[in-house]
S.K.: 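My questions will all concern the structure given below.
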Amino acid sequence: MSKQIPFATPELNRLRAAAGLIPIIESGLIDSKLSAERAALMASFCEWATEKRPIDPNAIELAKSVDEGLKRIKTALASAV
């Protein structure tokens, strides 16, 4: 049986975009293709996307994954400074 894709909402779309940005930011920092300033700006979008705590279970999982990624990015940025 196929799994249904959750209905797209602005909140869910923001979280999906933020979740997609996390690996881009991390790899950019590792490969030195992103400056710390640019990575911080991208991370601020991810933080903004998770400010409002969702009630949808799918959005909650995405928000948790974005929060975990942000912790890793903040650690990487702190060691880069």
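The structure presented is a predicted model; accordingly, all values stated were derived computationally and were not measured. For the numbers below, each heavy atom of this structure counts, side chains included, while hydrogens, waters and symmetry mates do not.
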S.K.: Please collect all ring pair (Phe, Tyr, Trp, His ring centres under 6.0 Å) contacts where either partner lies in residues 24-67, sequence neighbours excluded, each pair once.
M.R.: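 Found F45-W48.
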S.K.: Out of curiosity, K71 NZ to I73 CD1, how far, rounded to the nearest 0.5 Å?
M.R.: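 Going from the NZ atom of K71 to the CD1 atom of I73 covers 13.0 Å.
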S.K.: Once you round to the nearest 0.5 Å, how far does CD of E11 lie from CD1 of I55?
M.R.: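 Those atoms lie 7.5 Å apart.
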S.K.: Within this structure, what is the SG-CG distance for the pair C46 and L41, rounded to the nearest 0.5 Å?
M.R.: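 One gets 11.5 Å once the value is rounded to the nearest 0.5 Å.
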S.K.: In the structure I gave you, are the side-chain heavy atoms of M42 and I24 within less than 4.5 Å of one another anywhere?
M.R.: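 They are in contact (side-chain heavy atoms under 4.5 Å apart), so the answer is yes.
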S.K.: Side chains of K52 and R14: does their closest heavy-atom pair fall under 4.5 Å?
M.R.: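 Of all side-chain heavy-atom pairs linking R14 with K52, none is under 4.5 Å.
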S.K.: What pair of heavy atoms forms the shortest contact from A39 to L77, and how long is it?
M.R.: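 Looks like CB-CD2, 4.1 Å.
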S.K.: Contact between I22 and R72 at the side-chain level, heavy atoms closer than 4.5 Å - yes or no?
M.R.: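 Answer yes - side chains close enough.
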S.K.: Can you see which heavy atom on L15 is nearest to which on V66, and at what distance?
M.R.: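 It is O-CG2, 4.0 Å.
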S.K.: Calculate, to the nearest 0.5 Å, the distance between atoms OG and CG belonging to S65 and L70 respectively.
M.R.: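 S65 atom OG to L70 atom CG measures 9.5 Å (nearest 0.5 Å).
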S.K.: Apply the test side chain to side chain contact (heavy atoms under 4.5 Å, CB included) to residues R38 and I25: give CA-CA distance (whole Å), side-chain angles for both, the deciding distance (0.1 Å), then the verdict.
M.R.: CA-CA 9 Å; R38 176 68 58 115; I25 298 169; over 6 Å; no
